[in-house]
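Remarks on the structure that follows.
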Amino acid sequence: MKFVNTLIVCAPAVSALWPIPQTYTHGDSVIFINQNTPISYNGKQATLSSVSTNSFASATYGSAANGSVTSAQIIGAAVQRTYQTIFNQNYIPWKFHHRNSDFEPSSNSSGAVVKSIKLVQNASDPADVGRPLVGSVDESYTLDLTTDGSVVISGKSSQGIAHGLTTFTQLFYKYSGGGAYTPLAPVSITDAPKFPYRSLQMDVARNYYPVTDVLRMIDAAAYNKFNHFHLHATDSQSWPLEIPSLPNLTSLGAYRKDLIYSASDLQQIQQYGATLGVEVVVEIDSPGHTASIAYSRPDLIAAFNSQPDWDAYAAEPPSGTLKLNSPAVYDFLEQVYSDLLPRVKPYTSYFHTGGDEVKESAYLLDDTVNSSSDAVLQPLVQKFVDRNHDQIRANGLHPLVWEEMLLQWNLTLGDDVLIQTWESVTDSVAKTVAKGHKALAGNYNYWYLDCGQGQWLDFYPNISASYWPYADYCSPRKNWRLMYSYDPLANVPANSTHLVVGGVVAIWSEQVDSANLDRMVWPRAGAAAEVLWSGAKDASGQNRSQVTASPRLSDMRERLLARGVMAEPIQMVFCLQDGESCGEVNEG
Ligand SMILES: *[C@@H]1O[C@H](CO)[C@@H](O)[C@H](O)[C@H]1NC(C)=O
Ligand SMILES: *[C@@H]1O[C@H](CO)[C@@H](O)[C@H](O)[C@H]1NC(C)=O
Ligand SMILES: *[C@@H]1O[C@H](CO)[C@@H](O)[C@H](O)[C@H]1NC(C)=O
Ligand SMILES: *[C@@H]1O[C@H](CO)[C@@H](O)[C@H](O)[C@H]1NC(C)=O
Ligand SMILES: *[C@@H]1O[C@H](CO)[C@@H](O)[C@H](O)[C@H]1NC(C)=O
Ligand SMILES: *[C@@H]1O[C@H](CO)[C@@H](O)[C@H](O)[C@H]1NC(C)=O
Ligand SMILES: *[C@@H]1O[C@H](CO)[C@@H](O)[C@H](O)[C@H]1NC(C)=O
Ligand SMILES: *[C@@H]1O[C@H](CO)[C@@H](O)[C@H](O)[C@H]1NC(C)=O
Ligand SMILES: *[C@@H]1O[C@H](CO)[C@@H](O)[C@H](O)[C@H]1NC(C)=O
């Protein structure tokens with residue numbers, strides 16, 4: 001990042017962009033923006049306040065894409081969000097200026113205004129823009145705002161332009177006298193993501209969330225330039241995902257009959273994401289993490305809810321795993337997938353088959369196996385996963401799995417399979433790419449948002465002391481600085497970095513529900529968003545500075561609050577008002 005006016009660096013005023021663009025220069029002139037600013041997309045005219053999702057349908061490239069969303073819908077939705085964000089979900093940045101200072105322009109009528117916004121798409125979207133495969137969409141964009149108020153945002157895809165519009169909104173602040181302004185003109189930005197797969201993951205099975213919570217997470221994810229949303233849809237504790245052809249999976253397996261995601265809810269979630277450039281990837285974890293199937297199909301599950309020794313068979317209560325060598329289980333999976341895959345396909349190129357924390361001992365209680373020996377189990381796990389992946393491929397989708405399938409069970413997996421890593425501190429990504437597979441980074445010691453809450457198990461008095469002070473397995477809580485220090489490319493040899501296609505930051509929900517979701521996720525997930533979009537290193541190859549990131553992340557936090565996301569503060573106002581006065585220069 002370089003600045004035209006270096007004074008801006010020293011002043012507490014924020015230059016506000018999150019994630020930080022690859023190149024960014026700005027000045028210090030004020031420009032207001034009107035609600036009726038003319039905006040065009042490839043020559044097709046409209047005004048900012050009047051754009052609908054179909055306004056640009058007849059523009060060049062507008063109908064180019066195929067499937068769930070067209071280019072014009074992505075652009076239309078992005079312009080609507082731009083309008084909403086600048087005029088209705090904006091904030092007055094007093095926290096980022098000296099105590100009691102007059103930081104605002106003196107009037108909203110004397111200054112320059114944005115005269116026009118020109119959106120220029122240089123190339124046709126790929127047909128799969130609504131359900132992209134990693135790397136198929138060029139997300140780069142340029143943004144130029146001149147001192148006399150002309151704006152040009154260009155991109156090679158509708159998603160690139162949408163990212164440019166997201167960045168554009170972050171240049172503007174609410175004006176206390178009415179309207180909105182940027183203090184940063186002229187602005188020139190060229191930008192592109194470091195990693196093509198940038199994902200937030202949400203577990204909706206340990207605790208249930210209303211659909212509106214899921215949509216709010218997707219909105220905030222898009223605002224942080226995430227482009228995937230991983231829905232961990234089912235687990236041992238509940239099965240909230242409706243499979244219409246198997247109605248009792250949810251009517252018996254959800255926490256309550258109505259705490260479900262119906263087929264139309266899922267479609268709404270996926271359509272909402274696709275329109276925002278966020279591909280919703282559904283996971284049905286298996287063969288472990290499936291005990292909730294036993295409420296409707298007890299014949300399919302081994303070691304179901306073994307008590308009180310559940311921990312002999314599973315990582316969490318209730319224990320229970322799909323039987324590993326059972327034609328009935330295969331028939332069941334065939335039916336679940338036949339029902340679900342064609343419905344998710346319009347919105348995604350991926351389907352996640354899980355595969356984490358498969359515990360050998362559970363298969364001692366599996367009457368189709370009666371063994372906990374790896375030599376017996378490994379070929380059965382291979383066959384199980386092959387069956388699932390074959391059906392996924394037959395539906396035109398690509399499989400995703402948790403790292404254990406490759407690194408612990410040594411399965412032979414197709415080149416099309418993405419491996420989601422989570423376990424060891426630096427090795428899993430490197431080990432995965434060493435086997436020639438594409439990896440997603442997401443080490444739990446950095447990118448699990450739920451860590452550090454302490455235990456949720458209740459300890460009997462006779463053993464309680466041995467767990468005191470009840471830290472959870474991944475405590476302490478991951479401060480945003482720790483999340484920000486995680487480099488997906490750490491320990492990956494230069495000839496394999498192309499195989500690290502991105503990463504996933506995760507919120508598991510054992511101790512999270514609607515009441516604390518927003519502040520558990522935001523703004524910390526933004527730290528991962530910036531690593532994935534901008535890279536862990538700056539243009540000179542150095543670790544990015546917390547000192548310059550911190551006020552920008554606080555600015556993002558205010559912007560999330562303004563759009564209805566109850567993001568937590570990461571500092572007190574003192575640190576924001578007085579620039580770098582909460583910096584630390586001495587070693588700890
Ligand atoms: C739209 O998708 C269909 C099937 O997925 C494909 O055959 C067709 O070529 C696509 N059209 C365009 C314009 O990309
Ligand atoms: C699109 O084309 C314009 C004009 O040729 C160019 O200035 C701009 O950099 C291009 N944008 C992208 C993202 O390639
Ligand atoms: C200035 O504020 C007035 C009163 O709120 C508002 O009607 C007008 O649109 C604003 N002008 C600009 C340029 O934002
Ligand atoms: C649930 O429905 C299936 C048929 O889809 C049936 O085989 C099974 O017995 C039902 N479960 C219960 C507990 O009634
Ligand atoms: C596992 O043990 C049970 C009980 O002894 C028996 O009925 C079953 O046939 C055994 N299964 C296999 C695959 O050997
Ligand atoms: C996978 O391979 C490793 C290394 O050879 C071995 O230690 C491990 O037991 C294997 N896992 C299984 C499930 O066979
Ligand atoms: C602790 O107490 C529980 C409940 O009374 C009992 O089931 C368990 O066996 C005891 N554990 C040990 C290690 O003594
Ligand atoms: C940069 O960050 C990495 C990962 O956190 C760390 O191992 C390394 O020591 C840091 N480098 C410097 C110069 O601080
Ligand atoms: C990278 O280089 C190492 C060491 O030369 C080699 O073993 C490995 O196969 C290479 N990996 C790729 C993906 O080319």
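Start at 1 and go down the list; that is how both ligands and their atoms are numbered. In this chain, residues are counted from 1 in sequence order. Just so it is clear, the values below take in all heavy atoms, side chains as well, and ignore hydrogens, waters and symmetry mates.
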- Pull out every atom of ligand 5 sitting under 4.0 Å from any heavy atom of Asn370, numbered as shown with elements. 1 (C), 2 (O), 3 (C), 8 (C), 10 (C), 11 (N), 12 (C), 14 (O)

- Determine whether the aromatic ring centres of Tyr255 and Tyr208 lie less than 6.0 Å apart. no

- Query: Does the pair Glu403/Lys431 count as a salt bridge with the N-to-O cut at 4.0 Å?
  - Reply: no

- Query: Any chance the side chains of Glu357 and Trp402 put a donor and an acceptor closer than 3.5 Å?
  - Reply: no

- Message: Counting only nitrogen or oxygen atoms and a 3.5 angstrom limit, does Thr368 reach ligand 5?
- Response: no

- Task: Using distance alone, determine whether Gln408 and ligand 6 share an N or O pair under 3.5 Å.
- Result: yes

- Item | For ligand 9, the residues whose heavy atoms come within less than 4.0 Å (ordered by chain, then number) | Asn495, Ser496

- Before giving the answer on side chain to side chain contact (heavy atoms under 4.5 Å, CB included), spell out for Arg387 and Glu334 the whole-Å C-alpha distance, their side-chain angles and the decisive distance to 0.1 Å. CA-CA 9 Å; Arg387 195 222 71 83; Glu334 169 83 25; 3.2 Å; yes

- Residue Asp367 vicinity, atoms of ligand 5 by number, heavy atom under 4.0 Å: 1 (C), 8 (C), 10 (C), 11 (N), 12 (C), 13 (C)

- Query: Side-chain donor-acceptor pair under 3.5 Å between Gln201 and Gln420, yes or no?
  - Reply: yes

- Kindly indicate whether the side chain of Leu449, heavy atoms from C-beta on, has any atom under 4.5 Å from the side chain of Val505. yes

- In Å, rounded to the nearest 0.5 Å, how long is the span from CE of Met483 to CH2 of Trp480? 11.5 Å

- Item | Check: Glu530/Tyr484 side-chain N/O donor and acceptor closer than 3.5 Å | yes

- Message: Under 3.5 Å between any N/O of Trp409 and any N/O of ligand 6: does that happen in this structure?
- Response: no

